[in-house]
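By convention in this document, chain letters (A, B, ...) are assigned in the order of the sequence lines, proteins followed by strands, and residues within each chain are numbered from 1. Side chains are part of it too, since the values below use all heavy atoms of this structure and drop only hydrogens, waters and symmetry mates.
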Amino acid sequence: MSKPRLRFAPSPTGSLHIGGARTALFNWLWARKSGGTFVLRVEDTDVARNTRQSVEAIFNALKWLGLDWDEGPAHADDAAGGPHGPYFQSQRSALYREFAERLVRSGHAYRCYCTPEEEVEARRAEAARVGVEVDKLVGWTFVSPWRDKTAELDKPYAIKLKAHAPDSKELIQWKDLVLGTIKIPANSLRDEVLIRSSSPMPLYNFGCVVDDHTMGITHVIRGKDHVINTPTQILLYRALGAELPTFGHLPMLMKDQSTKLSKRDGAVGVDQYDSQGYLPDGLLSYLVRFGWSFGNEELFTKAKLVELFDWTRVSKSDGIYDFNKCRAINQKFIAKVATVDELATRVLPFLAKRGLAVRAGHPRLADAITTVKHRADTLAALADEMDFYFRAKPEVDESAAKQYFKPEFAAALDALAQFAEENVPTRDERSGAFADAKAPLDEALRKKLTDLALDMKVIGQPVRLALSGRIATPDLASMMLVLGPQVSALRLREAAARSRSATVENP
RNA sequence: GGUCCCAUCGUCUAGUGGUUAGGACAUCGGCCUCUCACGUCGGUAACACGGGUUCAAAUCCCGUUGGGAUCGCCA
């Protein structure tokens, strides 16, 4: 048996939606797991809604997620893109026309000279006959008078699929990879338009089947909203004399129990997760749960996902998208899964956004991250937590300064400045893990406080504010260690000076 | 309404005939503590309902109810 070929076929009408990302993920996963091929095809036949900008946004989102494709356009202007190219449907019109005419010749399709307006009119007439409003008319489909005619007229025509014989009792069925066997009565299908009368572009079902067929796609994995398209597509495969791919329909992502997640529901664009500082694998770990789970595990790298994925663990029921849970997963990913090196690379742009031009390999970067990675749920938050380590002077929380920078603390702050100079090792002086240097420093600090007859509970916040400008930070010893003896001492002395000159407030 | 699909804590889920129905997020409380977090301990909280099958059902079957998808010369 030949290797599986899977595809993701987005329509470029906006940025990549997380639902689309989920679908792409499952296709990619099986391609990687099975040693098959992952194809990217752009279904850009709706010229009114498609934009080149969207094409690029989708490609970028896929790249950011790390869902690399083996075949397909490398960029928005890549006309070839691989052995089955072009991969933009808008560039394949001739092919669709050719297949459509072939179906007309073989009797599976016909030229319908009715105009869309005539069909609308027929619908209206039927509604009037039955005595209901047009949009209340159900279960009625337009039957073209051209269905069994072969005449060629000199006027525009749509090519329609002859879906089934009028008295067909056939059940169209397939074994769905996730839903199991599904049977749908053929007579519930209508004569679908393959190619419009007014445009060379194919309609969805036709373009999809022609492409999946000519591109050798073996597995069609998509959202459950496509279940209803499947029988029509099966008819099309049959008409083409083509082998059926395996279909798999994934559960939907819902906003709540009664609404499916739409483009207006907040953070649904993958690009937004990128700019908010999510980790690609963090997002993917959450998205994969919409359809797949592995025991109670919820943190997966892509490599792990490829290793563990299989179709027997795929679920059928729709899931409600929970932004909080997504963020919680990302937080755990930052704290527990991502390496300091990876975080160091990824946090740089977020530091830059704060005006901090920290370069990769900055001597304080790795240590800074180890002190704050348990405190952030996004890279943006991580950058915020690290901010004070990299500023020449910390940005002081003024209301906290009023509370903690008081004359009575000045002497202590000076004394601790000296302590820092004498006890905080420089980076060159220490080796080994951060924690190995921190523990003794922490101990020394406590001893010093005892010697000075200072209570940590009292002096802690002034010192914290001195070192960081903030009232919520990592522990004191950690900050001193990251900052180093000189900077620590400098900040403590400045705080001491400021405290000394602070006026005593009258309550 | 036709057709199709689905159904375990608020949410995502584990569970594949015998469990005190487990975990995670959220939530509530305790502990830890130099702040905020992290961590940790514990609490509240679920098998939609009704019939079968079986010694035994969250698990299998049927029905009901509830929810979703779809019904374009969009994708």
Please produce a list of atom pairs where a protein N or O lies less than 3.5 Å from an N or O of nucleotides 15-17 of chain B.
none

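- Under a cut-off of 6.0 angstrom, the local environment of NZ in A/K162 is crowded, with over 12 non-hydrogen atoms contributed by other residues, nucleotides or ligands.
- Spacing between atom OH of A/Y404 and atom C1' of B/rC34 amounts to 10 Å, rounded to whole angstrom units.
- Scanning for side-chain hydrogen bond (donor to acceptor under 3.5 Å, both in side chains) contacts around A/D225 gives an empty result, with sequence neighbours left out.
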Pairwise N/O distances under 3.5 Å, protein to nucleotides 37-46 of chain B:
none

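- Residues satisfying the side-chain hydrogen bond (donor to acceptor under 3.5 Å, both in side chains) criterion with A/D191, sequence neighbours excluded, are A/Y110, A/R147.
- Here A/R391 pairs with A/R354, A/L356, A/D387, A/E395 under the side-chain contact (heavy atoms from CB on, under 4.5 Å) rule; sequence neighbours left out.
- Taking A/H226 as the reference, A/Y204 meet the ring pair (Phe, Tyr, Trp, His ring centres under 6.0 Å) condition, with sequence neighbours excluded.
- Nucleotides B/rA7 and B/rA14 are separated by 11 Å at their P atoms, to the nearest Å.
- Contacts classified as ring pair (Phe, Tyr, Trp, His ring centres under 6.0 Å) and involving residues 117-140 of chain A (residues at least two apart or in different chains) are not found.
- Every side-chain contact (heavy atoms from CB on, under 4.5 Å) that A/E398 has, sequence neighbours left out, goes to A/V396, A/A401, A/R498.
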Check nucleotides 58-62 of chain B against the protein and report each pair of N or O atoms closer than 3.5 Å, with its distance, or say if there are none.
none

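- In the region residues 195-206 of chain A, proximity to RNA chain B at under 4.0 angstrom, judged on heavy atoms, holds for A/R196, A/S197, A/P202, A/L203, A/Y204.
- With sequence neighbours excluded, the residues that form a side-chain contact (heavy atoms from CB on, under 4.5 Å) with A/A368 are A/M386, A/Y389, A/F390, A/V482.
- Comparing B/rG23 with B/rC9, their C1' atoms sit 12 Å apart, to the nearest whole Å.
- Looking at residues two or more places apart in sequence or on another chain, you find a ring pair (Phe, Tyr, Trp, His ring centres under 6.0 Å) between A/W311 and A/W30, A/F309.
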